[in-house]
Chemist: 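Please read through the structure below; I'll follow up with questions.
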Amino acid sequence: MSTFLVQPPSKEAVPPHGKASQLPEAPTYQEAPAVQDKAAPEDAVPPHVESPPPPGPSQQQQQQRHEEERRSVRKEDSPGGGGGTASSPQPDSLCLDVRRFDPARGAASLAVDGVAAYEIVSRALDAASQTRSRLAKENILTNAFRWVSSASDAEAVCYLLAPVRDAQAGGHRLREDYEHAALGLSRRVVERALLDATGASAAGLEAARRRVGGEWGDAAVAVAGSQRSLGRLGRLSCVGVRSELLALGEVAGSGADEVKRRKLALLFRRAKGTELKWLLKTAHAHMSCGISLEASVLPAFAKANGVDSAEARAAYARRPSVGAVCRAILAGGNLVEEVRFSPGVPPSPMLATACTSYSEALSKAGRRALLERKYDGQRVGAHMKDDEEKKVRLFSRKLDDMTQKYGEVCEALRSAYSSSGAFVVDGEIVASSFQDLASRPRSDATGVRVVLFDLLWLEKRDLRGEPLSERRRLLRESFASSSVVDFAVGREVETASADEVIASELADAVDAGCEGLIVKNLEAPYELQRSTTWLKLKKDYLEELGDSLDLVPVGGWRGSGRKRKWISPILVATYDPETGELGSVCRVMSGFKDAFYRDFTVAMLGSEIAEPSTPSKKKNKKNPRVVTEERCTYWFEDPREVWEIRGAEVTASPTHKSGIGLVHPDRGLSLRFPRFIRPRPDKSLADATTPAHLAELFRRRRGRTQEQPSSS
DNA sequence: GTCCCGTCGCCGC
DNA sequence: CTCCGACTGATTCGG
DNA sequence: CCGAATCAGTCGGAGGCGGCGACGGGAC
């Protein structure tokens with residue numbers, strides 16, 4: 001508590017969030033034992049070969065490895081990478097096939113005061129994280145759920161098995177999304193709580209981490225090991241853990257972190273065995289165990305109770321309430337009747353599939369298609385219930401309630417609605433640009449518009465099954481456009497004869513400041529999931545369109561998880577031939593093949609990054625020509641390579657320095673959605689994109705706006 | 001004690 | 001949002 | 001006819017950008 005930790009021990013466990021992590025890495029002492037992955041044959045690969053054509057032996061090895069994996073559950077890494085090496089050699093009974101698993105055995109010890117023990121969750125997660133097979137995971141979860149019989153336990157277990165909101169780290173999900181409450185747990189608080197609870201020092205924990213193979217969770221367990229002092233606190237239950245975590249989210253105001261730290265430490269202290277690992281990972285919102293609520297947990301719970309797992313998923317999409325779905329499953333499993341879509345509760349939105357050519361879009365779109373503009377704003381589902389109040393509520397793509405934020409939109413929708421009774425519409429909230437929209441205050445964002453494109457419910461009718469053409473007709477009948485409410489611009493075409501128009505429609509959409517087109521099958525129903533009846537076509541997806549840049553890699557960081565052996569992300573820069581400066585544009589982490597990472601890392605550092613030491617010091621000095629405020633772990637000595645990098649658009653950046661002053665006094669230029677396309681060995685520094693060129697692209701883009709053309 | 005500024009969680013894409 | 005790799009289930013291919 | 005190779009779809013997890021706002025902590 002009073003001991004102020006110098007550096008969070010998580011330095012490498014967490015992604016390098018740019019401005020933060022400092023300190024170029026001191027510890028250079030080598031780790032002797034274990035780390036058998038050091039001895040892996042890949043190491044024999046000669047340094048810096050441009051994607052070696054005959055990777056012969058290594059591929060075979062991989063094959064072999066996979067088969068091994070398939071046959072038997074094995075320890076060692078899996079998604080999380082470098083998992084518990086020396087942990088349980090004995091497979092948990094949860095790994096037995098569902099038909100052979102006997103829930104009665106040992107079940108007594110899995111209850112705490114009559115409710116499910118957290119041990120159920122930690123055991124399931126332990127077992128599931130040992131394998132990559134999704135079937136095996138589902139098998140494990142299904143077994144675990146056979147220890148759970150009440151709906152309230154089931155709900156808590158579901159949340160605790162998948163407590164992270166989505167793939168994007170950071171947020172938690174411990175209650176209905178549409179009542180979402182973030183926990184506001186900073187890494188520092190979590191780490192201090194951990195040290196508090198275990199009595200370990202930061203250095204001790206770090207040492208333990210090296211011993212167990214790099215995983216913080218395992219290190220925590222190792223450190224906590226012997227000194228359990230439960231006292232009268234008692235074992236953890238699922239409902240208890242969930243409510244304790246939720247309580248952390250309620251703490252606010254000055255001194256909040258201190259209170260949270262204390263509460264968390266209390267929770268950690270009660271953890272037994274690997275429970276601590278999962279509590280820690282939960283608090284960090286980084287589970288990395290290959291389990292999601294929708295795709296793994298709910299289907300497993302359904303299966304454990306004799307309900308079709310696809311039906312459970314569908315039910316959750318209609319009404320994303322874990323509690324409701326669990327109750328219905330336990331109450332007999334009539335999900336169609338008992339878990340319904342209804343106005344006021346946001347269903348999962350329909351999403352489009354990305355598509356990289358005109359022909360692909362048209363061939364997949366069915367006979368008749370709608371070429372609709374894709375507005376660059378924020379997705380919104382607007383609901384009005386059939387009640388006296390006539391209140392419009394808004395939900396984000398991830399179902400957060402946005403009613404408060406966009407009060408004007410609510411008002412405008414209510415008055416634009418020409419019918420009576422309930423409605424559910426789908427649309428996009430837009431401003432003159434995405435950046436403009438994003439900079440609105442979170443509490444009350446005014447001066448925005450909403451562009452409607454679908455209608456899911458009208459009065460007493462669920463319209464999801466109707467073809468898009470019909471939904472669209474009803475949408476236009478039921479709402480009047482106004483200065484705030486509008487309809488998405490779209491053109492209905494016969495796909496057989498649309499080859500000509502699609503390119504020009506896309507061009508027009510981009511000219512109008514839109515991101516591109518959504519090509520929609522006019523006969524298709526509204527699906528509460530990603531669907532191929534909606535195809536997303538953006539100009540930067542198309543090979544010949546969009547801007548690709550030629551940028552220079554100048555530095556990088558150590559990756560985490562499955563990329564921990566490599567440099568990732570990688571900082572890239574423009575080159576200014578006048579001054580010789582390399583101004584940073586963005587970090588890139590998308591688009592690289594694993595082999596490329598390996599070769600590049602070897603080329604830059606001499607080998608893949610051995611856990612847990614490195615970098616070697618000599619690679620660690622920034623080249624003075626590099627202009628950035630990023631603090632890379634690795635700086636490349638003599639940046640001269642050129643890579644093709646593609647992005648959706650150039651942005652004015654508060655963090656990157658390329659072209660600073662050219663479009664804004666103290667902002668540089670960056671890229672939205674950056675990804676690596678290919679190396680350009682044919683190009684040299686002199687051919688790299690210049691800051692001036694980047695500025696030109698920025699200005700060109702800024703000329704286009706989504707603002708309503710003040711006509712009609 | 002108050003104010004201001006830097007971090008970082010969280011959320012949008 | 002983007003992308004890649006792994007897993008799965010379906011389908012086709014070779015013996 | 002059956003097992004092996006191939007294919008397409010799904011899933012998970014690696015992390016990009018900008019921006020608001022809550023909080024902690026230093027300056028005053």
Chemist: Of the nucleotides D:dG9, C:dC4, D:dG16, which has the atom closest to the A:Arg587 side chain?
Modeler: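 Output: D:dG16.
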Chemist: Has the side chain of A:Arg675 got a donor or acceptor atom sitting under 3.5 Å from an opposite partner on the base of C:dC3?
Modeler: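 Between C:dC3 and A:Arg675, which were checked side chain against base, a qualifying N/O pair under 3.5 Å is absent.
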Chemist: Report the nucleotide, chosen from C:dC4, D:dG18, D:dG16, that has the shortest atom-to-atom distance to any side-chain atom of A:Ser670.
Modeler: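 Output: D:dG18.
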Chemist: Looking at A:Arg188 and B:dT7, is any side-chain donor or acceptor paired with a base atom of the opposite kind under 3.5 Å?
Modeler: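 For A:Arg188, whose side chain was compared with the base of B:dT7, there is no donor-acceptor pair (under 3.5 Å).
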Chemist: Whole Å only: how far is the CD atom of A:Gln404 from the P atom of D:dC20?
Modeler: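 Taking CD of A:Gln404 and P of D:dC20, I get 20 Å after rounding.
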Chemist: With a 4.0 Å limit, can you tell me whether A:Ser186 has a side-chain N or O closer than that to the phosphate oxygens OP1/OP2 of B:dC8?
Modeler: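 So the side chain of A:Ser186 is outside the cut-off, no N or O lying under 4.0 Å from OP1 or OP2 of B:dC8.
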Chemist: For the side chain of A:Asp376, starting at C-beta, report the closest nucleotide among D:dG12, B:dC10, B:dC13.
Modeler: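 Shortest atom-to-atom distance from the side chain points to B:dC13.
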Chemist: Using a cut-off of 4.0 Å on non-hydrogen atoms, how would the nucleic acid contact of A:Ala252 be classed: base, sugar-phosphate, or nothing?
Modeler: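 Sugar-phosphate, no base atom in range.
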Chemist: Name the closest nucleotide to the A:Asp400 side chain, picking from D:dG25, B:dG12, D:dG21.
Modeler: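 Out of D:dG25, B:dG12, D:dG21, the nucleotide with an atom closest to A:Asp400's side chain is B:dG12.
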Chemist: Nearest heavy atom decides the nucleotide; on that basis, is A:Gly253 or A:Phe673 closer to the 5' end of DNA chain D?
Modeler: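 Its nearest nucleotide being more 5', the pick is A:Phe673.
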Chemist: Assign A:Lys260 to base, sugar-phosphate, or nothing according to its heavy-atom contacts below 4.0 angstrom with the strands shown.
Modeler: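 Nothing: the residue A:Lys260, judged by heavy atoms under 4.0 Å, touches no strand.
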Chemist: Answer yes or no: does a side-chain N or O of A:Lys593 lie under 4.0 Å from OP1 or OP2 of C:dC4?
Modeler: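 Yes, because at least one side-chain N or O of A:Lys593 sits under 4.0 Å from OP1 or OP2 of C:dC4.
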Chemist: Does a nitrogen or oxygen in the side chain of A:Ser443 sit under 4.0 Å from OP1 or OP2 of D:dC20?
Modeler: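 For A:Ser443, the contact criterion (side-chain N or O under 4.0 Å from OP1 or OP2 of D:dC20) is not met.
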Chemist: Closest to the A:Pro441 side chain: B:dG9, D:dG21, B:dC13?
Modeler: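 From the listed options, D:dG21 comes nearest.
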Chemist: Does A:Ser296 place a side-chain N or O at less than 4.0 Å from the phosphate oxygens OP1/OP2 of D:dG12?
Modeler: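 A:Ser296 to D:dG12 OP1/OP2: side-chain N or O found under 4.0 Å.
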Chemist: Counting the atoms with a prime plus P, OP1 and OP2 as sugar-phosphate, which does A:Lys536 contact under 4.0 Å by heavy atoms, base, sugar-phosphate, or nothing?
Modeler: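 Sugar-phosphate contact only.
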Chemist: Does C:dA6 have OP1 or OP2 sitting under 4.0 Å from an N or O in the side chain of A:Ser133?
Modeler: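 Checking A:Ser133 against C:dA6: no side-chain N or O falls below 4.0 Å of OP1 or OP2.
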Chemist: Please determine if A:Arg313 and A:Asp308 form a salt bridge, counting it only when a charged side-chain N lies under 4.0 Å from a carboxylate O.
Modeler: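 Judged by the 4.0 Å cut-off on N to carboxylate O distance, A:Arg313 and A:Asp308 do not form a salt bridge.
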Chemist: Considering only D:dG19, D:dG16, B:dC10, which nucleotide approaches the side chain of A:His180 most closely?
Modeler: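 Per side-chain heavy atoms of A:His180, the pick is B:dC10.
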Chemist: Can you name the nearest heavy-atom pair linking A:Arg564 to A:Arg558, along with the distance?
Modeler: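 Where A:Arg564 meets A:Arg558 most closely, the heavy atoms are O-NH1, 3.2 Å.
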Chemist: When the distance from CZ of A:Arg667 to P of D:dG18 is rounded to whole Å, what number comes out?
Modeler: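 Value for this atom pair: 8 Å.
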Chemist: Quick one: label A:Leu437 by what it contacts on the DNA or RNA (base, sugar-phosphate, nothing), any heavy atom closer than 4.0 Å.
Modeler: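 Nothing: the residue A:Leu437, judged by heavy atoms under 4.0 Å, touches no strand.
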Chemist: Closest approach to the side chain of A:Arg132, judged atom by atom: which nucleotide of B:dG9, C:dA6, D:dC11 is it?
Modeler: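 Looking only at side-chain atoms, A:Arg132 lies closest to C:dA6.
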Chemist: Rounded to the nearest Å, what distance is computed from the CG atom of residue A:Leu351 to the P atom of nucleotide B:dG12?
Modeler: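 Interatomic distance, CG of A:Leu351 to P of B:dG12: 13 Å.
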Chemist: My understanding is that only one of A:Lys563, A:Lys565, A:Glu608 makes a side chain to side chain donor-acceptor pair (under 3.5 Å) with A:Tyr597; could you say which?
Modeler: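 Answer after filtering A:Lys563, A:Lys565, A:Glu608: A:Lys563.
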Chemist: Please confirm whether the shortest side-chain N or O distance from A:Ser288 to OP1 or OP2 of D:dA14 is below 4.0 Å.
Modeler: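 The answer is yes; a side-chain N or O of A:Ser288 sits under 4.0 Å from OP1 or OP2.
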Chemist: Using a heavy-atom cut-off of 4.0 Å across all strands, would you classify A:Phe676 as base, sugar-phosphate, or nothing?
Modeler: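 It contacts nothing in the nucleic acid.
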Chemist: Check whether any side-chain N or O of A:Arg530 sits under 4.0 Å from OP1 or OP2 of D:dC11, and answer yes or no.
Modeler: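 For A:Arg530, the contact criterion (side-chain N or O under 4.0 Å from OP1 or OP2 of D:dC11) is not met.
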Chemist: Using atom NZ of A:Lys137 as one end and atom P of C:dC7 as the other, report the distance to the nearest whole Å.
Modeler: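 In whole Å, C:dC7 P lies 10 Å from A:Lys137 NZ.
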Chemist: Among D:dG15, C:dC4, D:dG19, find the nucleotide with the atom closest to the side chain of A:Ser568.
Modeler: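 Ranking D:dG15, C:dC4, D:dG19 by closest atom to the A:Ser568 side chain puts D:dG15 first.
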Chemist: Of the nucleotides D:dG16, D:dG18, D:dG15, which has the atom closest to the A:Ser560 side chain?
Modeler: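 For the A:Ser560 side chain, the nearest candidate turns out to be D:dG15.
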Chemist: Which is it for A:Asn521 and A:Trp534 under the side-chain hydrogen bond (donor to acceptor under 3.5 Å, both in side chains) test, yes or no, and what are the steps along the way?
Modeler: CA-CA 7 Å; A:Asn521 184 330; A:Trp534 285 11; over 6 Å; no
Chemist: If you compare every side-chain N and O of A:Thr655 against the phosphate oxygens of D:dG18 (OP1, OP2), does one of them come in below 4.0 Å?
Modeler: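 A:Thr655 to D:dG18 OP1/OP2: side-chain N or O found under 4.0 Å.
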Chemist: Measure from the side-chain heavy atoms of A:Asp257 and tell me the nearest of D:dG24, D:dG16, D:dG19.
Modeler: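 Nearest to the side-chain atoms of A:Asp257, counting from C-beta on, is D:dG24.
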Chemist: Of A:Leu399 and A:Arg442, whose nearest nucleotide on DNA chain B comes first from the 5' end?
Modeler: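 Residue closer to the 5' terminus by nearest nucleotide: A:Arg442.
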Chemist: Once you round it to whole Å, what is the distance between P of D:dG18 and CD of A:Gln378?
Modeler: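 Taking atom P of D:dG18 as the reference, CD of A:Gln378 is at 18 Å.
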Chemist: Nearest-Å distance, CE (A:Met589) to C1' (D:dG15)?
Modeler: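 So the two atoms are 3 Å apart, to the nearest Å.
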Chemist: If you count the non-hydrogen atoms of other residues, nucleotides and ligands that lie under 6.0 Å from NZ in A:Lys303, is the total more than 12?
Modeler: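 Counting neighbours around NZ of A:Lys303, 12 or fewer heavy atoms of other residues, nucleotides or ligands fall under 6.0 Å, so no.
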Chemist: How would you label the contact of A:Gly377 with the nucleic acid (heavy atoms, under 4.0 Å): base, sugar-phosphate, or nothing?
Modeler: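 Answer is sugar-phosphate: A:Gly377 comes under 4.0 Å of backbone atoms only.
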Chemist: Does A:Arg134 make a side-chain N or O approach to OP1 or OP2 of D:dG13 shorter than 4.0 Å?
Modeler: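 No, A:Arg134 has no side-chain N/O under 4.0 Å of OP1/OP2 on D:dG13.
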Chemist: From CZ of A:Arg187 over to P of B:dC10, roughly how many Å is that when rounded to an integer?
Modeler: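 Atom CZ in A:Arg187 sits about 9 Å away from atom P in B:dC10.
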Chemist: Could you check whether A:Arg373 pairs with A:Glu515 (Lys NZ or Arg NE/NH1/NH2 to Asp/Glu carboxylate O, under 4.0 Å)?
Modeler: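 A salt bridge is absent here (no side-chain N lies under 4.0 Å from a carboxylate O).
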Chemist: B:dC8 P sits how many Å from A:Leu185 CG, rounded?
Modeler: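 For the pair A:Leu185 CG and B:dC8 P, the rounded distance is 15 Å.
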Chemist: More 5' along DNA chain D: A:Val251 or A:Leu671, using each one's nearest nucleotide?
Modeler: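 Of the two residues, A:Leu671 wins.
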Chemist: Quick test of your reading of the model: are A:Asp540 and A:Arg646 salt-bridged, counting only N-O distances below 4.0 Å?
Modeler: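 Looking at A:Asp540 and A:Arg646, the cut-off is not met.
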Chemist: Are A:Phe676 and A:Trp643 an aromatic pair by the rule of ring centers under 6.0 Å?
Modeler: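 Centroid distance A:Phe676-A:Trp643: below 6.0 Å, so yes.
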